Amino acid sequence: MSDLDIRPITADDHDVWLPLWTTYLSFYKTTLPETVSQTTWQRFLDDNEPTHAALAWQDGKAVGMVHFIYHRSNWSISNACYLQDLLVAPDQRGTGVGRRLIEYVYATAKRDGADKVHWLTHETNATAIQLYERIAERPGFIQFRKPL
């Protein structure tokens with residue numbers, strides 16, 4: 001793999017971020033109103049928001065994205081970091097881009113004082129689970145939710 005550069009998004013990155021975002025949503029068989037995606041994008045650019053995004057660049061092309069959010073925890077004094085969205089372009093899967101994006105979040109969260117990074121994936125996402133089991137612990141919790 002040629003050099004991979006991972007860096008926080010900038011306002012100029014919207015046109016390369018949006019196709020990755022819509023690919024991610026399609027992977028999970030969902031769509032969102034355009035206003036949600038626009039608001040999400042604006043939050044990434046607002047220093048007062050706890051949500052962040054980075055893109056993985058290779059040979060001048062965005063080949064992956066990651067979104068993460070800092071939040072309080074009742075189990076520690078430090079913030080935790082929720083890695084909410086992770087996508088590697090289909091033609092780049094299996095090349096280490098996903099691992100590098102997660103490691104970027106680990107390093108960024110540590111630098112920013114968070115004491116853990118956590119995330120969810122769908123139980124059918126077997127390829128990703130193989131990676132996740134190598135670079136994190138699987139605590140065994142089951143998610144429950146109720147849309148309101």
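In this text, all values refer to a predicted model and were calculated from it rather than measured experimentally. What's counted below: heavy atoms across the whole structure, side chains too, no hydrogens, waters or symmetry copies.
One distance of note links CG of D3 with CG of D59; it measures 8.5 Å at 0.5 Å rounding. Between atom CG of residue D5 and atom CH2 of residue W57 there is a gap of 9.5 Å, rounded to the nearest 0.5 Å. Here the CZ atom belonging to R134 is positioned 12.0 Å from the CD1 atom belonging to I129, to the nearest 0.5 angstrom.
With sequence neighbours excluded, no residue satisfies salt bridge (Lys or Arg N to Asp or Glu O under 4.0 Å) with R111. Remark: E103 engages R99 in a salt bridge (Lys or Arg N to Asp or Glu O under 4.0 Å) (not counting sequence neighbours). Partners of D115 according to the salt bridge (Lys or Arg N to Asp or Glu O under 4.0 Å) rule, which considers only residues two or more places apart in sequence or in another chain, do not exist here. Residues meeting the side chain to side chain donor-acceptor pair (under 3.5 Å) test with H67, sequence neighbours left out: W17, D85. In this view, P33 and T35, V36 satisfy the side-chain contact (heavy atoms from CB on, under 4.5 Å) rule, not counting sequence neighbours. Looking at residues two or more places apart in sequence or on another chain, you find a side-chain contact (heavy atoms from CB on, under 4.5 Å) between L18 and H14, W21, T22. Residues passing the salt bridge (Lys or Arg N to Asp or Glu O under 4.0 Å) test with E137: none are found, sequence neighbours excluded.
Ion pairing between a basic and an acidic side chain is recognised when a charged N comes within 4.0 Å of a carboxylate O; D112 and K110 show no such pairing.
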Between H71 and Y82, does a ring-ring contact (aromatic ring centres under 6.0 Å, His included) hold up when you go through it step by step? CA-CA 7 Å; H71 65 90; Y82 177 53; 7.0 Å; no

Does C81 form a side-chain contact (heavy atoms from CB on, under 4.5 Å) with I69? I'd like the steps, not just the answer. CA-CA 6 Å; C81 178; I69 304 169; over 6 Å; no

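Applying the ring pair (Phe, Tyr, Trp, His ring centres under 6.0 Å) test to pairs two or more places apart or on separate chains, those with a residue in residues 120-148 are W119-Y132. Applying the salt bridge (Lys or Arg N to Asp or Glu O under 4.0 Å) definition to pairs two or more places apart or across chains, those involving residues 61-78 are K61-D91. Applying the salt bridge (Lys or Arg N to Asp or Glu O under 4.0 Å) rule to pairs touching residues 36-54 yields nothing, sequence neighbours excluded. Contacts classified as salt bridge (Lys or Arg N to Asp or Glu O under 4.0 Å) and involving residues 11-32 (residues at least two apart or in different chains) are not found.
Side-chain contacts under 4.5 Å among hydrophobic residues (ILVMFWY), followed directly or transitively, place I77 with no other residue at all.
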